[in-house]
Each structure stands twice: as C-alpha cells, then as structure tokens.
Amino acid sequence: MGVVGKPNTGKSTFFSAATLALAEIANYPFTTIKPNRGIGYVRTPCVHSEFKVQDKPKNSMCKDGIRLAPVELIDVAGLVPGAWEGRGLGNQFLDEIRRADALIHVVDASGGTDCEGRVCKLGEHDPLEDVKFLEREISMWMTAILKKDWARISRTVDADKKGIFGLLEDRFSGLGIKRVHVSDAIRKVGLNPDKPSSWTDAEFEKFVDILRRVSKPMLIVANKVDLPTAAANVGRLKELNYEVIACSAEAELALRRAAEKELIDYKPGDCNFQIGQPDKLNSNQVKALEVIRDKVLIPNGSTGVQEAINTAYFRLLKMITVYPVEDVEHLSDHNGNVLPDVYLVPDGTTAHQFAYVIHTELGESFLYALDAREKRRIGEDALLKDRDVVSIVSTRKRS
Ligand SMILES: Nc1nc2c(ncn2[C@@H]2O[C@H](COP(=O)(O)OP(=O)(O)OP(=O)(O)O)[C@@H](O)[C@H]2O)c(=O)[nH]1
Ligand SMILES: [Mg+2]
C-alpha cells in the first residue's frame with residue numbers, strides 16, 4: 001500500500017501511526033526524502049472466539065478478540081505538480097509506487113497547505129484540487145512510459161504479429177499492471193484491441209486514465225480533521241467518486257504511543273480509550289487526550305487511520321481473511337500453535353491458489369483442502385470465503 005500525496009499533508013504521521021515505526025515528521029514540505037517502509041495491520045474479528053479456542057498467533061496479533069493481520073506500507077516523498085517530468089522528487093516518488101497494489105492518498109482537508117505543501121492560512125487551499133492533481137500526475141507518468149514504445153507496439157499489433165494485451169502487460173509489468181487491468185481498460189473505453197493505431201489521442205488518454213484507476217485504486221484520507229476548517233471539505237471530498245475516510249493521523253499517533261507505554265487502554269480503530277494509570281499522566285497529557293476524545297473520536301467515531309487501512313484492503317482491493325492450519329481438529333500448526341496465521345487474499349481465491357500463496361511447494365503438491373468449520377473436503381477450485389479456516393493436504397511430507 002503506497003501512502004501518497006503532495007508534501008506536508010501528514011503522510012509520515014499516518015505511516016508512523018499505522019506502523020509505530022519512526023519516521024521524520026515536520027511542518028514543511030519534503031521532510032521525507034527516502035521512503036519509509038513498515039508493517040501496518042488490518043483489523044478483523046478473530047475466529048478464535050467462534051471456535052471457542054485460545055489462539056497463539058504467529059504472523060499476526062490478537063488482542064481482545066481482534067486479529068491484526070500484517071500489511072506492508074510505504075511512505076514516500078511528497079509529490080508536486082510536474083513530478084512526472086521529474087520536478088521535485090517526482091520520478092523517485094513515482095518509482096517507489098510501482099509495486100503498490102493500491103494507494104492511500106493523504107489530503108490536508110483543513111486547506112492549510114498550498115499546492116506544493118507550503119503552510120498557508122487555514123481553509124485557503126481547496127483540497128479537491130489535490131485529488132485532481134494527483135490523478136493527473138500518475139496518469140501523465142503512465143502515459144510517458146507507454147508513449148516511449150507506442151509506435152512500435154501499435155505497428156506490431158497492426159501487422160497482426162502479437163496481441164496488444166501481452167505487449168502492454170510486458171511494457172507495464174514493472175508498474176504492477178496486469179493483463180486483466182489492460183483488458184478491462186480497453187473494454188471500458190470501447191477501443192479496438194486489434195488496431196491501436198486507430199486510437200485517437202483523446203481515447204489514448206482515457207485508456208491510460210482508466211488503467212490508472214483499475215491498476216492503482218485510490219482511497220482518500222481526509223486528514224487533519226481535528227482542525228476547524230476540515231469538516232466542510234470532508235463533505236465536499238465525499239462528493240468525488242472515491243472512498244473518503246475522515247482522519248486525524250496526529251491523534252492516532254498520540255493514542256498509539258500512549259497505548260504502547262500502557263498509559264491508556266486503546267486499540268487501533270477503537271472509538272474511545274480509557275486512562276489506565278492516571279497517576280502516570282500529568283494534567284497536560286490528560287487534557288491533550290481529552291481534546292482528542294472531544295475533537296476527533298466523538299465526532300468522527302475513530303481517528304480514521306485503522307478505518308482507512310481496512311477500507312483499502314477490504315473494499316478497494318476486495319481482500320478476505322483466511323486462516324491456514326495443519327490440524328483441523330486442534331486448529332493448529334505442526335508445533336501446536338492454535339490459529340497461528342491469517343492471510344489476506346483477494347476475494348475469488350481458490351483453495352489451490354491459496355496453497356500457492358502459503359508456499360510454492362504446497363501449491364505444487366496440492367491434493368485437496370479441508371474446511372475446519374464444516375469438517376469436510378473442498379476441491380481445488382472451491383472459492384474461499386472470508387474467515388475460512390482451512391488445512392491444505394498435499395503429497396509433500398512435512399519435516
Ligand atoms: N492538525 C493536524 N496536523 C497534522 C495531522 N497529521 C499530520 N499533521 C502535521 O502536518 C505536518 C506534516 O506532517 P508529515 O507527516 O511530516 O507530512 P508529510 O506528508 O509526510 O510531509 P512530507 O514528507 O514533507 O511530504 C506536521 O506538522 C504534522 O504534525 C493531523 O491529523 N492533524
Ligand atoms: Mg513525510
């Protein structure tokens with residue numbers, strides 16, 4: 001998941017809150033130069049309570065019945081207009097998001113930073129412009145890559161030597177764009193895949209635009225909602241054609257840090273917190289926490305950071321959670337760890353594909369899968385469902 005946006009919107013704050021990794025945060029543009037990578041978590045009710053067992057997570061965490069499944073986040077340098085041509089830290093930024101499955105676009109909803117991230121009067125800048133700008137930059141970047149080879153590609157396809165889907169897939173492979181994305185975009189624009197030389201410039205532009213939407217789906221995080229000018233802009237952002245999550249990354253960072261020190265009882269995504277040890281907090285700290293409760297948690301329902309990550313994985317990428325086990329009776333791995341792992345996989349993943357996700361060898365030696373809930377065999381083409389607990393039976397001997 002790429003965390004993107006113009007400079008100074010709170011990308012690193014969002015990243016730090018989500019990962020608790022240290023990233024430099026400051027109130028001026030281009031604080032981040034080298035990208036930060038870290039592990040964040042998707043929050044989902046754990047299946048252990050349904051099965052009435054005590055779990056022992058390995059690849060994830062479980063607290064109070066909530067399973068936290070790991071996901072990789074990357075926080076990159078801010079993007080300024082013209083980045084696709086190399087302005088600012090443009091090309092470097094764009095290179096960093098090549099492999100991202102989706103983008104979390106952090107927008108300064110308070111309107112307190114101009115189009116290049118410089119501090120301005122609160123409410124002075126219109127954050128809707130930032131959404132249009134980012135769309136354009138990414139589209140222009142993709143266009144530049146495609147245009148380089150376009151003459152050769154369209155000649156080859158016109159001469160009936162090779163299909164366009166394979167050629168474009170090769171051209172875009174480094175950008176995480178797959179054949180299905182290309183065919184989807186061609187179909188949606190209604191283009192003739194056998195005669196790319198007949199595509200007009202406007203059609204070409206539309207094709208790239210749709211390719212961007214299907215290959216790099218984007219979620220908008222309307223950040224800094226603790227500031228008074230943000231609420232109206234959040235409403236306006238919601239009128240665009242995106243999922244929009246109102247957020248205060250700064251509030252989340254403060255809550256997680258306090259929870260990490262066990263000063264408060266708070267899980268990411270909670271709508272409230274409890275002060276565990278009042279004597280360890282001074283009156284200013286208590287006051288700051290109360291402000292977060294009054295200004296963010298109560299009006300917003302949560303800080304929005306966890307909701308953004310969940311929305312990105314479950315709604316944008318349509319992922320489901322699946323728990324692999326080896327022993328369906330005890331729901332354990334071969335070391336006896338109960339419900340050790342949870343995987344996020346795309347909805348539509350079959351039992352056999354899931355075996356490959358766990359391990360190539362397991363996929364190659366796949367025989368069938370067992371559903372732990374129903375205690376029955378499922379075939380290789382069976383589609384997995386969210387919260388399935390499955391055991392893969394293979395010809396491979398375990399060490
Ligand atoms: N009020 C408020 N300020 C925030 C919030 N999130 C971040 N900030 C502030 O915004 C400023 C920029 O934060 P960063 O996280 O460094 O922003 P960035 O987008 O990573 O910036 P670059 O790396 O320069 O592109 C800092 O002063 C943060 O404290 C928020 O939710 N509310
Ligand atoms: Mg930053």
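First listed ligand is number 1; within each ligand, the first listed atom is number 1.
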Sequence neighbours excluded - ring pair (Phe, Tyr, Trp, His ring centres under 6.0 Å) pairs with any residue from residues 101-136: none

For the pair D108 and K6, find out whether any cationic side-chain nitrogen is under 4.0 Å from an anionic carboxylate oxygen. no

Taking the side chain as every heavy atom from C-beta outward, state whether V345 and V357 have any pair of such atoms under 4.5 Å apart. yes

With a 4.0 Å heavy-atom cut-off, what residues sit around ligand 1? P7, N8, T9, G10, K11, S12, T13, I25, A26, N27, Y28, P29, F30, T31, T32, G78, N223, K224, D226, L227, S248, A249, E250

Write down the atom of P196, the atom of D158, and the distance for their closest heavy-atom approach. CD-OD1, 3.3 Å

In terms of side-chain geometry, is the basic nitrogen of D341 or K58 positioned less than 4.0 Å from the acidic oxygen of its partner? no

Just to be sure I understand the site: which N, O or S atoms from the protein are less than 2.8 Å away from the Mg ion (ligand 2)? S12 OG, T32 OG1

Verify, without hydrogens or angle tests, whether E137 (side chain) and G82 (backbone) share a donor-acceptor contact under 3.5 angstrom. yes

Counterpart residues, salt bridge (Lys or Arg N to Asp or Glu O under 4.0 Å), relative to D270 (two or more places apart): R43, K267

Face-on cation placement of R293 at F273 ring, 6.0 Å and 45° thresholds: yes

Give a yes/no verdict on a cation-pi contact between K147 and F204, requiring under 6.0 Å between NZ or CZ and the six-membered ring centre and an angle within 45° of the axis. yes

